[in-house]
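Beneath this line is the structure, given in structure tokens, with notes to follow.
Sequence positions, counted from 1, serve as the residue numbers for this chain. Every value quoted in this text rests on a predicted model; they were computed, and no experiment measured them. Heavy atoms only: backbone and side chains are in, while hydrogens, waters and symmetry mates are out.
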Amino acid sequence: LGGSGNRGYLSCFIPPPECPVFEPSWEEFADPFGFINKIRPIAENTGICKIRPPPGWQPPFACDVDRLHFTPRIQRLNELEAQTRVKLNFLDQIAKFWELQGCTLKIPHVERKTLDLYVLYKLVKEEGGFDGVCKERRWTQIALKMGFAPGKAVGSHVRAHYERILYPYYLFQAGANLMVRSLKMGSYVAKPEPGTDPYFLYKFFMKNPLSSKLKVKNQSEVNYGNQYICMVCGGGGDEDRLLLCDGCDDSYHTFCLIPPLHDVPKGDWRCPKCLAQECGKPPVAFGFEQASRDYTLRTFGDMADSFKSDYFNMPVHMVPTELVEKEFWRLVSTIEEDVTVEYGADIASKDFGSGFPVKNGTFKVSPVEEDYLSNGWNLNNMPVLDASVLTHVTADICGMKLPWLYVGMCFSSFCWHIEDHWSYSINYLHWGEPKTWYGAPGYAAEQLENVMKSLAPELFESQPDLLHQLVTIMNPNVLMEHGVPIYRTNQCAGEFVITFPRAYHSGFNQGFNFAEAVNFCTADWMPLGRQCIQHYRSLNRYCVFSHDEMTCNIASKADSLELELASAVQKDMCAMILEEKMLREKVYKLGVWHSQQVDYDLLPDEERQCAKCRTTCYLSAITCPCSPDQLVCLYHIEDLCSCPARSYTLNYKYTLAELKPLFQALTARAESYEDWASKVNKILKADQDNKSDLEELRSLVVEAEKKSYPETDLLSHLRQVIQNADRCTSMAQQLLNGKRQTRYRSGGGKSQNQLTVEELKSFVNQLYDLPCTIRQAPFLNALLNRVEQFQQQSSDLLAEDMPGSSALQSLLDEGAGLDVELPLLVVLRQRLEQARWVEAVKEASDQPADLSLDCMRRLIDQGVGLTPHACVERTMARLQELLTVCEHWEEKAHNMLTARPRHSIETLEAAIQEVDSIPAYLPSCLQLKDCVNGAREWIMEADALQAGGRIPGLAALSELVSRARSIPVMLEPLSRLESLISEVQAWKESAAKTFLLRNSSHSLLEVLCPRCETGPQKSKSKKAKDVSVPCKKVEVKLDSLFDVEKALSTSKDTVSAMATLSEVHQKELESLSMLRTSNESKFQSSPSCLAPTVCLCHTVPAGPMLQCELCRDAYHSGCVPGFKDIQTGLPWLCPLCKRSEKPPLDKVLPLLASLQRIRVRLPEGDALRYVIERTVCWQHKVQLVSPTQHLNGKVSLICLNLDGVPETKKEPERLEKNSKRRLEKENMEGQHRDKIKKPKKKKPKLNKERRREEKRTSSPSNSLSDLSYSDDSEEDWSVCSAKQCQQPEGNEVNWVQCDGSCNQWFHQICVGVSAEQAENEDYICVSCAINDLTE
């Protein structure tokens, strides 16, 4: 029920192992019983086996399909399984128990699972009953055993359901509700059964036992007269609580019942006596019902296919067999699902025709198919073949001698059973979907029976012969868990399945199919058949035929019997006569003297069955005149009647004297074979001195063939011995004649020319082990002695560490003369190869300069192919060790060359010192040496580049760094040089941001250097093209930016660079002067009438015009971008002249200072220095012109000095206004840049302090400003030293201290320094920067 009581195997069926499958050849298939006897030692261990006929064996289907009709059996799947049926029976009993008491059973649920009442009842009973479980508080453990999860008071729920539903039934089964009554003085005393507590029963009464539909009885049903009294207490009071039994009309008080009832039940009610009588009726024996409908083969197939396709919701041919198998065992094991199928089983073939064609049948076969009429595998022929024992059974027994037909559908099943009389059975599936089989071997039959009886004892109590009824099945997994060996197979169309004697088998059909089955018995079955009769007698089961009658019928045809059958029947008849003699003597001793001969052959089986055990009597029986129609076998003479034994009559078929001739005839037929077999066994087991000749063995085979002895294992073995002896004789003669063509091996051979020593020895031993003598054996023994002598000499020579080559060669020549394959010859050749290899290694080791890795590997590869030897292994170990060291250092050198990060030069030199001691040629190590030498040279060049305080140029520095990157050595100066280059690049980027206009097409050097050309008509691309042509002249040209950059890069010092820039500046002035003169001349009166062309558009002047302050050219206001933003009164530069930004000097001086700290010369730095010098000079000139004007250090850099160029007169006021506007604009830009703030902090840099002191002492009077502040005064550094302090406000104001010679403090925002620059860079104020330049 539900999940509470299910086991794991119910939800996950595990298929048993497969049974053997045999595929006979046409030759084997020609003899059915011979083939079955051949496979019997294998197949009987599994109980069942499958046989696939040879390809092409396809008998026609001969059944009359139109005439075939049958009524199938109805199978409810969950009633088939033994344990499931026990549960169903239990639930039926519980339901009946409550129904008789006017209540309706409803199965409760616990934890959303249906409660398994049967398992709960069993567990409580095993744990000591309700009182014991309550006392020990084991309800939770019982719930866990039933599969419920712990917790949630599940034990209490289980107890409540047991107490309401099962405990009253338990009390009823124990008889507690039948009280012991005794009348005393007119009173009625009720005594409870032991173990029942009235107080507890009263408490039990207070609970509703079931959800019952209670109805109050009609007042007319309750008699208030004194004639109704309680059968328990004897009182007639409490009439409203007095119940009247609907079965016997007895009356009972509701509170006198055990358990008491709290109200009058609705419907019919039975008293405890009637309840015990009704529930105590024996159950009806279980069996299959016949369907109400009669089917034809076609209508049944339609129904079967429709059922399967609907059930699995897919076409029938697409349903996997594994899925059907798992679903079948799930359905038979569950109570909640009730699936019903129909099975057309045990349909007599004589009524509708067999599936196989038969002689004189209605089905007409074609000439090609006539062989199937007499084929032994035709199930109509197999039971009556000569080798079949059933041939001698006179009756045509359906199912045993006549085939039965089986029409199956999906899930229709055949339950566990063994064949009648423990005979063989064979089943052939003509067509349709597979049939799944399960089988157990015959030796496990009793074990299977015991397991089923132990797991479902309730079924066997009512039906002891339940397994003979073919109505009970049990899951193979359950049987296997209890140690029963089970095997399975899927029988497909066109395949046979054979079951062996006493092999239990069961199974089910995968779908619509048609099968045919029949029984047969062979000679080996005879003893099992007699044992089966004894088993049937113990079960009181009837026999299908009389085994004794069959034995006597066979004995009467002794002369025509096959010897194997005659021998088996002779043994069986001997046992039969001894048993009959013993029984008749027993009967005589009991006083039975009357006897008469009765021909039991003429009586039908049902008239000669033992009244006790139902055994069919044949040799003898006991009758009594009191009941002439009744008889018993001699085993049950006491069970015939109550008459004395002297009145009994012994009825017999044969006297013991009449049985003797039959037995002697069998013995004569069987003993001829026994004598022959005894002689064969004696020869085959003879010792070395008593062996027979080969010709004598051949004569025994001739005798067996002449007398038609059966093809027994003994005869087959004798033929095999003769065949082996012939082969050995032929091989021995070939060896002696030198004409060997095959190598002999016991159990097979290879096509080779020579025997090995072991094979020769084995062959000689086999010659002497044969059961007959071979004359060539002594000569081969002599050859074996010579071979052993050679082996001894070889062993002695090989025992030396390294024998000489001459001795090895001599022994090799001697061994080649022996006409036997000698393994030592191979060893000798290997030893010779080993010696040569050792010499080659020694020769190579003497010349280490030529010992490369490839050479060592080649020698090792040659040595690997050699057979292991101590000398070789020592040499190989030394060579391998050398190769390992060399490979290690080669790999290590390669890794050092490619390592990231790279190794230091000291590490590489240490490694080179270790490599020098290795006696081998190592190319990577040599490359490592070259790299170390190159690194040394590079370090020397790097040291020389900065020696003596020289400042290297950027070009030389870059070239040195580029070379270092190709050297796979960690060079300590490299990181410093790369850092310098990175700083230079960062400086160039910072300078470019300072000077270059947004989206400018000019480079930084192009902006900072004086202009080499000023003509607007020349494009930049043209100039680049012109300067790209290499100059062939020796003198330095300064006609282009390329020439200037080259000159600056090759200059030795700053002085030469300044001279070059001065020369370029001079050219710039001259060119600019000419340009201005040309532009100004455009507006002077000209004799020509042509109007001048101006502006970017090269047209005549028109409308408002602008004039460039530098080149004096005129421009249309509409052609100038941003015309509206131009402020009136300020100098204006045209787009061609305004090539860069003009930052204030105090923004540019830190750039120069940071470049000086980098200590790398580059053209942009020289150009910047030159610009600053020009700016400072311009300041001095301005001061000379207007000494009263103060610039406060906020002077914009000029990128073009107009010294020597004619200028218009400027008023001092206008200069002051322009300077102030420019300073205000620069201050606003500085505020915008310096948003990141930093707390004021004085940097403790001792080296800078020392430098300041040196500056103060060397030139204290060169400062432009006489302002000085004390470092120690709080008042001093709390005031900003900037000329135009912006007086910033806020919670946090960031300061910066000059790192020059003045040590003054400034607001970061007043000098345009960001917090990051103040933290990471040195700041030099304008005054200190000017002093440094003047110095």
Side-chain angles (χ1 to χ4, degrees), residues 33 383-397 400-401 419-424 501-502 519-537 541-584 597-605 608-610 613-621 631 633-635 650-674 710:
F33 289 154
V384 294
L385 293 178
D386 293 338
S388 175
V389 176
L390 296 182
T391 305
H392 305 279
V393 176
T394 57
D396 290 335
I397 306 171
M400 290 201 72
K401 290 186 66 176
E419 298 299 323
D420 290 333
H421 289 259
W422 297 356
S423 61
Y424 288 83
R502 210 184 182 186
N519 295 102
F520 66 91
C521 300
T522 56
D524 61 276
W525 166 84
M526 291 295 296
L528 290 173
R530 184 161 295 278
Q531 182 183 350
C532 177
I533 298 301
Q534 299 294 338
H535 182 71
Y536 282 0
R537 182 178 287 114
R541 186 177 186 274
Y542 70 91
C543 303
V544 178
F545 60 87
S546 172
H547 188 86
D548 292 341
E549 181 179 2
M550 181 191 67
T551 301
C552 293
N553 290 338
I554 296 174
S556 63
K557 306 171 185 177
D559 295 338
S560 61
L561 294 179
E562 293 184 358
L563 290 175
E564 186 177 6
L565 180 58
S567 178
V569 175
Q570 186 259 350
K571 295 177 182 177
D572 184 74
M573 192 170 188
C574 179
M576 180 189 72
I577 293 175
L578 291 177
E579 179 186 14
E580 185 65 20
K581 182 180 179 181
M582 179 195 67
L583 290 174
R584 292 187 183 185
Q597 191 168 14
V598 179
D599 192 358
Y600 282 117
D601 293 329
L602 303 178
L603 295 178
D605 290 353
R608 48 186 174 127
Q609 287 183 354
C610 174
C613 64
R614 304 179 67 187
T615 301
T616 303
C617 298
Y618 180 72
L619 289 180
S620 59
L631 57 83
C633 65
L634 272 60
Y635 280 97
L650 173 63
N651 302 279
Y652 60 90
K653 169 66 176 177
Y654 300 104
T655 63
L656 294 179
E658 291 173 342
L659 291 175
K660 187 174 182 181
L662 296 175
F663 179 72
Q664 289 176 347
L666 280 174
T667 303
R669 179 62 178 165
E671 285 182 352
S672 64
Y673 174 77
E674 296 293 338

Quiz item: Between F520 and Y424, is the ring centre distance below 6.0 Å?
Solution: yes
Quiz item: Does the side chain of M526 come within less than 4.5 Å of M550's, by heavy atoms?
Solution: yes
Exercise. Tell me, with the steps shown, if R608 and E549 meet salt bridge (charged side-chain N to carboxylate O under 4.0 Å, His left out).
Key: CA-CA 12 Å; R608 48 186 174 127; E549 181 179 2; 3.0 Å; yes
Exercise. For S423, check side-chain hydrogen bond (donor to acceptor under 3.5 Å, both in side chains) against everything at least two apart and list the hits.
Key: N519
Quiz prompt | All side chain to side chain contact (heavy atoms under 4.5 Å, CB included) counterparts of T391, not counting sequence neighbours | solution = V384, S388
Quiz item: Tell me, which pairs form a salt bridge (charged side-chain N to carboxylate O under 4.0 Å, His left out) where one or both residues lie in residues 520-529, sequence neighbours left out?
Solution: R40-D524
Practice problem: Report yes or no: do R614 and Y542 form a side-chain donor-acceptor pair below 3.5 Å? | Solution: no
Quiz prompt | With R669 via salt bridge (charged side-chain N to carboxylate O under 4.0 Å, His left out) - residues at least two apart | solution = none
Quiz item: Is there a donor-acceptor pair under 3.5 Å between the side chain of S567 and the backbone N or O of E564?
Solution: no
Quiz item: Who pairs with Y654 by ring-ring contact (aromatic ring centres under 6.0 Å, His included), at least two apart in sequence or on another chain?
Solution: none
Self-check item: Donor-acceptor pair, side chain of Y536 and main chain of H421, under 3.5 angstrom
Solution: yes
Practice problem: Examine W525 together with H547 and report whether their ring centres are nearer than 6.0 Å. | Solution: yes
Practice problem: Output all residues satisfying side-chain hydrogen bond (donor to acceptor under 3.5 Å, both in side chains) with D386, sequence neighbours left out; order by chain, then residue number. | Solution: none
Quiz item: Which distance, rounded to the nearest 0.5 Å, do you find between the OH of Y635 and the CD of Q534?
Solution: 4.5 Å
